[in-house]
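A, B, ... follow the sequence lines: proteins, then strands. Residue 1 opens every chain. Everything numeric in this text was worked out from a predicted model, so none of it was measured.
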Amino acid sequence: MAVHERFAPLPESAAARPAELEEALVAAWRAEGVFESLQAARKDAPRFVFWEGPPTANGKPGIHHVFARAIKDAVCRHRTMLGRLVVRKAGWDTHGLPVELGVEKELGISGKPQIEAYGVARFNARCKESVWRYKQDWEKLSERIGYWLDYADPYVTYDDSYVESVWHLLARFHRAGLAYRGKKVLPYCGRCGTGLSSHELGQPGAYKEVLDPSVHVRFKVVGSARGESLLAWTTTPWTLPSNIALAVHPQEPYVLAKIYLPVQKGAEKGSAGTELAWIAKARAQAVLGAHEVVEERLGRELAGLSYQPLFDAEVPCVDPGAWKPDTSALHKVWTAEYVTTTDGTGIVHQAAAYGVDDWEVARRNRLPVKQAVGAEGRLVVDVAGVPAGTFFKDADEALSEDLKRRGLLFKKAKEPHSYPHCWRCDTPLFYYAAPAWYLRTSSMKQRMIELNREVRWIPPEIGSGRFGEWLENNIDWNISRDRYWGTPLPYWTCDGCDAEESIGGKDELVLKCGRLPDAFDFHKPSIDEPTWPCAKCGGTMRRTKSVLDCWFDSGAMPYAQWHWPFGAGRAKAEAQYPADFIAEGLDQTRGWFYTLHAIGTFLQSLPDAGLPPGPPYKACLVNGLVLDKDGVKMSKRLGNIVDPWQAVSEHGADAVRWYLLSSGATHLPKRFDPAGILEVRRKHFGTLVNSWKFFSDYARLGKGFDPARPAPIHERPEIDRWLASRTQSTIAEVRARMDDYDLAGACRALEQFVGDDLSNWYIRRNRARFWKGEWTADRDACFHTLHDALRAAALLMAPLAPFLSEAIWLRIAPGAGSVHAQLLPEPRAELLDHELEGAMRLVVRLVEMGRALRERAKLGIRQPLRAIHVRASDARALELLRTGFAAEQVLGELNIKAIGSLAADDGAVCSLKAKANFRVLGKKVGGLMKSVAATIDALPAEAAARLRSGVAVPIEVEGRTIELAPEDVEIRVETSGAFDVETDGRLVVWLDADLDEELLGEGLARELNSRVNALRKESGLGVEDRIALHLEADGARLAVALQRHAALIQAETMAASLGALASAPAGATRCRLDFGPEGRVEVAFKKLG
RNA sequence: GGGGCAGUAGCCUAAUCUGGUUCUUGGCAGUCGGCUUAUAUCCGACGUAUUGCGGGUUCAAAUCCCGUCUGCCCUACCA
């Protein structure tokens, strides 16, 4: 890596325009092949296996991709810095409907007929090409945000080798008996001749308000002496010829009511006689009006009743595939939980071919499936005088007429409701059972659930909740899509006898059909050409027309990315299996996370697959969606999309990454607020940049400093040993959090270390040591201490903020290579000092209280005070505060001359008060809690003191004596108000606020220093510039102060000389400072040299 | 329709699993003050919350239970 002068300053723009520094690093990393050589160096190291989920490159990357990539990058970099080889192979998801739709739009065509007319070969060629439209965007953005990925050798799901591996997997499923042909009920467009995905159904305008028939129909019960019928309701009369059953709710009450049969127009109601009909009790009033109930039964008691079909047409049955139909189950009443009584009659007509719920009822009860309307949306047989070929919507009227003539139509009306239409051609859709291939994943359900228990989910509730429940309700996986651009299913079927064969690779295909043409391609249409004679019947084996669900493609990546199990791919895949870690968005739970899990679980069961036991991935970190700053989902329509490029170029990738990783819980929806990034930049990165500036400025001046020769730790002052200890604790904490995938926790620990400890305490308190006087051991010590802290910060931050950490690292260890190639330091136990850290926490508390006291007393920090008094209720705290270190820190920070007194709290200054500890006492006294608490509240201070010293105290409550143990109460300290006291409950602090002339004078001198220094700065003087200072006081006390503290003033203002105003040279900066009631000081100074 | 997650000040957020008294934590933005020639931060003081709403369990509910409303996510789409 680029070699800088040791301790070189960061570029001026590092804080204001971080993008400049980052872009330079991106270029340097690329030019020097840092990632590649790091990977080469780790070649033989133990692996940490990471799998990259493939994005589709036919859309631009968004800010949520930056989020997921920041997570993945941070974890991978961390593991690399632990010495592991982390293979980071890029991948592209290239198949699927969204790609096809994009191309259709581009070509200005729509629907399958038009694609066929355009030519499938040309169409697929366009698809293949279109996938790479945004490849550059992805690669550039990834590089820019520091997401290291091997883009030179990505896996691409349309590659022949990838497809061949997928074929192998699909053939294994088939040969294991886990792939079968069935039907799937899906929304279908008769005109386009294709099923629509739910995604297409979600297109705007798909659902339209239409007026549909609403008919009540009577189904006559077979073998009823009383002439009963079942009253059913439907809005799709065209499905009635395909009726196979009626469904009732098992727990719902139904009534047998007397109804008047329909009459011809003009005839008197009831003249056609009456009949008995079943209807849900809850619907009887609404449907029948006034009626007479003959009998009442629960739904499940109706189950099994047989009825006469409405039409006698010979309606063809289709093979459902998923079950063997039982014809004796036909035309009976079955129960189904989904039946409601909010509308209709509570008796639902079942046409399995045209409804998903109906299909489910048929599957459970092994019903045959009748299908009177075919794929084109037209009747396939003559029904009741309606000729075959009639469009389904047009059959409604004619069929209703027929039923009316035969007296089976009880009621007819038109009802408005929303109905789906094809978003391309506006044709009303119908639900249709289309042929499909399934994987019998439900047979592996138990195994999948067991393996899922071994997955470390972050957060855990995704694994047990969303994902676990999805597995519990697992249904077979429909893997076929009636489209063009996808992995072709490697399943051939015989057009004569229905035999099936699966093909697990190119060689197998060649064996079957002889030589393949030179220009052969593993996609449609050329893949549909090879055929061969059926071994059983001599018919022709042809490939199933469909292509594969592209989710299978992505779930196959652990194997297919290496061309497993062919050739060298076998070993490569085994070396990268299982994954130690994957991470994607929550929306992948039922997508990639599931498909990986399902395919992996299946392969486990194959003895010859050679894969180790256990789940395919061991840890899965899930991130939530990224919303806009108001919590609204980002969408083009609302125009609230955050452009990742804009955010990154404005704030820098480090700040964007840090913001995304550190704010809120990873898995919850995240609001993306630019103000938050700005805060991260200012507080964290700004502070770090400034800390480096401070260190580098002085380290380059301090010629005596050599980081290779550290000052022995025990010879350094306590404040240094404290920061050294904090450095080590931070190393330990950040490592532990990163190991545990708690990226936000690691960020927090680093923010605290850099912002609070390193910068705002250590540097601030020790500034003078860095520049004052000769090169001494003490001066050497502070450089080493700060150097080591900054070095650790750079290393620890590297996985999270790869740029700034690199920039600092290259200046702290020139020639050592990239920070990302380093090993993370181990915490050094010999530098840890818990006592010192504890003492410092107490110091901080005391200082805070001291400042509060000063505030109230209106005593600015520049006014020295005589003494501070401390009482501590905890012996351990007292001991820590007695160290010279603690005293020195408190006094220095608060500008106080001495510790006036430091003693155990005797309750004399503040009164002790006991408060009930509800958590403990509640269990003991239960219902008496309220009175017990009141009694404790009223306890005298003397009793509280006894309790605090560990003695039990009996109390009387409602006639009962209760022995109060020390752990039953909390002792608090309350201020009495005699003089101003501050307490946090454990420490009591007050100030000696008496000021004498001496203190007042010093205060004035310090005030003057501050004002003069402000003037120096205003007039553009540098820190090291020396001045000639001339002063004249107007005010007695001021005059004395100037005289007495002349040396201090000279030292603090870098004044080489101090003289009277009268002797000020020409051209000196002059100013009159107002000290209120104390008077004024005339100042003149001039830069020397 | 089914399943899940969430609702705490003007805004964000902790505490919710495992109930406790912590007059609800921290931050942002606001006002006032302090420290500091590292100008990036930092420190102190000052509001505003019947913890979405309504019930219940309990000595005790932000927390557990029931209902309800709102938002989001996933999934399905109804005779």
For [X] and [N], is the shortest distance between a side-chain N/O and OP1 or OP2 below 4.0 Å?
| X | N | answer |
| --- | --- | --- |
| A/Arg682 | B/U41 | yes |
| A/Arg851 | B/G44 | no |
| A/Arg1016 | B/U37 | no |
| A/Lys858 | B/G33 | no |
| A/Lys683 | B/G27 | no |
| A/Arg862 | B/C35 | yes |

When we call it a touch if two heavy atoms are under 4.0 Å apart, what does [X] touch: a base, just sugar-phosphate, or nothing?
| X | result |
| --- | --- |
| A/Ile861 | sugar-phosphate |
| A/Gly755 | nothing |
| A/Thr345 | nothing |
| A/Ala916 | sugar-phosphate |
| A/Thr234 | sugar-phosphate |
| A/Gln350 | nothing |

Whole-Å [atom1] distance, [N] and [M]:
| N | M | atom1 | value |
| --- | --- | --- | --- |
| B/A6 | B/G55 | P | 24 Å |
| B/A79 | B/C17 | C1' | 42 Å |
| B/A49 | B/G10 | P | 8 Å |
| B/A76 | B/G3 | P | 15 Å |
| B/G20 | B/A60 | P | 14 Å |
| B/U48 | B/G30 | C1' | 12 Å |
| B/U21 | B/A62 | P | 9 Å |
| B/U63 | B/G56 | P | 14 Å |

Between [X] and [Y], how do the two ring planes meet: parallel, tilted or perpendicular, split at 30° and 60°?
| X | Y | value |
| --- | --- | --- |
| A/His349 | A/Phe219 | parallel |
| A/Tyr698 | A/Phe694 | perpendicular |
| A/Phe410 | A/His216 | perpendicular |
| A/Phe7 | A/His787 | perpendicular |

Task: A/Asn1013 or A/Phe918, whichever maps to the more 5' nucleotide of RNA chain B - done: A/Phe918

Open item on the list: Nearest heavy atom decides the nucleotide; on that basis, is A/Leu758 or A/Ala852 closer to the 5' end of RNA chain B?
Closed with: A/Leu758

Open item on the list: Is it the case that the base of B/A40 and the side chain of A/Ser691 share a donor-acceptor contact (distance under 3.5 Å, atom types as modelled)?
Closed with: no

Open item on the list: So that I can tick it off, tell me whether A/Glu893 and A/Arg765 are bridged by a salt bridge, with the cut-off set at under 4.0 angstrom between side-chain N and carboxylate O.
Closed with: yes

- [ ] Using atom CG of A/Asn623 as one end and atom P of B/C73 as the other, report the distance to the nearest whole Å.
- [x] 15 Å

TODO: Give a yes or no on whether the backbone of A/Arg1011 and the side-chain of A/Asn1009 come within a donor-acceptor separation of less than 3.5 Å.
DONE: no

